[in-house]
Number of protein chains: 2
Amino acid sequence: MKNLLSNLKIAVPEKIYVKDPESSILGKRIIEHSIILINDIGFDSFTFKKLGEKIGSNESSIYRYFESKHKLLLYISSWYWAWVEYQLVFETHSISNDKDKLIKAIEIVCRTIKEDIIFPHINKGALNNIIINENSKSFLTKEVDQENKEGYFIIYKRIVERIKDMILNAAPNYEFASSLASTIIEGSLHQHFLKDHFASITNCNQHITPSVFFINLAINTLKL
Amino acid sequence: MKNLLSNLKIAVPEKIYVKDPESSILGKRIIEHSIILINDIGFDSFTFKKLGEKIGSNESSIYRYFESKHKLLLYISSWYWAWVEYQLVFETHSISNDKDKLIKAIEIVCRTIKEDIIFPHINKGALNNIIINENSKSFLTKEVDQENKEGYFIIYKRIVERIKDMILNAAPNYEFASSLASTIIEGSLHQHFLKDHFASITNCNQHITPSVFFINLAINTLKL
DNA sequence: CAAATATAATAGTATTACTATCATTTTTGA
DNA sequence: TCAAAAATGATAGTAATACTATTATATTTG
């Protein structure tokens, strides 16, 4: 498994960065520590100057990789979804029963990813928190249509489409497969957020995970 | 109807503002034009200086009403949800059948509010766009727990609870009423956003509104 | 009409989000 | 191995942001 994955590279749309952060040690340190720092102080307070101090590097060097902190967030977001997509494809590949496959898929996109040995410079727990707390900010902007045209959200959209296809395989007559798929993915992040900050308006907790809720929702809605 | 409502005041948690904007002409102009300006240029580019220019008033005067633009967004958000809550209570009050009541409630919280004659200084279309595009930013912050303690999100939470109660009245054995309620409300905003910017990952459009999708979802999930 | 209150004008501060330039270090390939 | 190229670091500078503070002027009110 480790060997199989040692050559794996998560492919992020190229236009997001000025210089590929995977191509150098400094680039990897930028990604590694930006995830930790954004998780610590929040994206709104995060600056390249603070990141530079953390990694003992200069603000101007970071600008050679990303033209703005917004682009860095887009990179982190795309990396996350590419990684989830990889797990989605890998872990559902061998499931032939359509219902089981859909259930497994929902479990994967709704769970918080576990720490693993691949890509050791990525703190998966911190990354997951960032997606829950900051991901919406990557598209809730006035530039969203332009950035969408440039392909910055392609991985996210592809995951939604994969789930949509699985929904339609399991329930060919269901009319709202795209909306259900996008609701599960975005709704799961929201339920994670609510369980951490607004516990009174969610049933989710340590035992009832967003996966449990959305699997139940899908099975009942699709009458599986 | 107009008479009945002429004394109506939308009650926003007091701690959100320094001075009640409903208490003066300048205050009302601040609300009126901040809604228009945020809708025009987006919350991220919005500043009190630009707002001051629009209303022919001074930046320093606006700070006497709101201590930051974040607080102003919280005010606008609370105002919106209070207004939706009012419609929710008013329009479902006389429905005795639990299923019909829930369906009406979902329709109300998922629809984009129509322009009306009450509160003429609030541009309801612009307000609705702001909620779709900016509302998440009001709680996706590092200060959310502190602000939640101070009651800034109480109206939003109360709406979710009202929907939750209606779900339980219609389907007493359903286990995830809070999560379904919060998913409908937040998911509806997301579907509105997708239909405007990511049409390929939603089924919603001019004919299939988020209301249609979520009413279908609730009826099937709750087996009504 | 005086006192209180509200608003406006001006100035100032630390920080942000960059850009530009030049110096130094590291890599590389002949 | 050495010179050129590339990468990184250091420094400086800019316009804008998100405020605070102070003082002046206008408006309201009792």
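Letters A, B, ... are given to chains in the order of the sequence lines, protein chains preceding strands, and every chain is numbered from 1.
Between A:Ser24 and D:dT8 there is a side-chain N or O to OP1 or OP2 distance below 4.0 Å. Taking only side-chain nitrogens and oxygens, B:Lys19 comes nearer than 4.0 Å to OP1 or OP2 of C:dT7. Taking side-chain N and O atoms only, A:Ser57 has a distance below 4.0 Å to OP1 or OP2 of D:dG9. Residue A:Lys69 places no side-chain N or O under 4.0 Å from the OP1 or OP2 atom of C:dT16. Between C:dT16 and A:Lys50, a contact under 4.0 Å exists linking OP1 or OP2 to a side-chain N or O.
Residue B:Lys49 is classed as having no contact, given no heavy-atom separation below 4.0 Å to the nucleic acid. Within the nucleic acid shown, B:Ser60 comes within 4.0 Å of at least one base atom, counting heavy atoms only. Contacts of A:Ser61 with the nucleic acid, taken as non-hydrogen atoms under 4.0 Å apart, include base atoms. Among the atoms of the strands shown, base atoms are found under 4.0 Å from some heavy atom of A:Glu59. Among the protein residues, A:Tyr65 comes within range of the sugar-phosphate backbone only, with heavy atoms under 4.0 Å from sugar or phosphate atoms but none that close to a base. Using a 4.0 Å heavy-atom cutoff across all strands shown, B:Phe48 reaches no nucleic acid atom at all.
For A:Asn58 and C:dT19, the CG to P distance is 14 Å, given to the nearest whole Å. At whole-Å resolution of the value, CD in B:Glu67 and C1' in D:dA18 are 12 Å apart. Rounded to an integer number of Å, the gap from B:Leu51 CG to D:dA16 C1' is 17 Å. Atom CZ in A:Arg29 sits about 13 Å away from atom C1' in D:dT8, given to the nearest Å. Rounded to a whole Å, the CD1 atom of B:Ile41 is 13 Å from the C1' atom of D:dA16. Separating the CZ atom of A:Arg64 from the C1' atom of D:dA6 is a distance of 10 Å, rounded to the nearest angstrom. Taking atom OH on B:Tyr63 and atom C1' on D:dT22, their separation rounds to 16 Å, with Å as the unit. Straight-line distance from the CD1 atom of B:Ile62 to the P atom of D:dT20: 14 Å, rounded to whole Å.
Taking only side-chain atoms of A:Thr47, from C-beta outward, the nucleotide of C:dT19, C:dT16, C:dT7 with the closest atom is C:dT16.
Taking the ring centroids of A:Phe213 and B:Phe176, they lie under the 6.0 Å cut-off.
Taking CH2 of B:Trp83 as the start and OG of B:Ser78 as the end, the distance is 16.0 Å to the nearest 0.5 Å.
In this structure, A:Phe153 and B:Phe198 have perpendicular ring planes: the angle between them is above 60°, well past the 30° mark.
Between A:Glu107 and A:Lys104 there is a salt bridge, since at least one side-chain N of the basic residue sits less than 4.0 Å from a carboxylate O of the acidic one. Salt bridge A:Asp44/A:Lys137: present, at least one basic N to carboxylate O contact under 4.0 Å.
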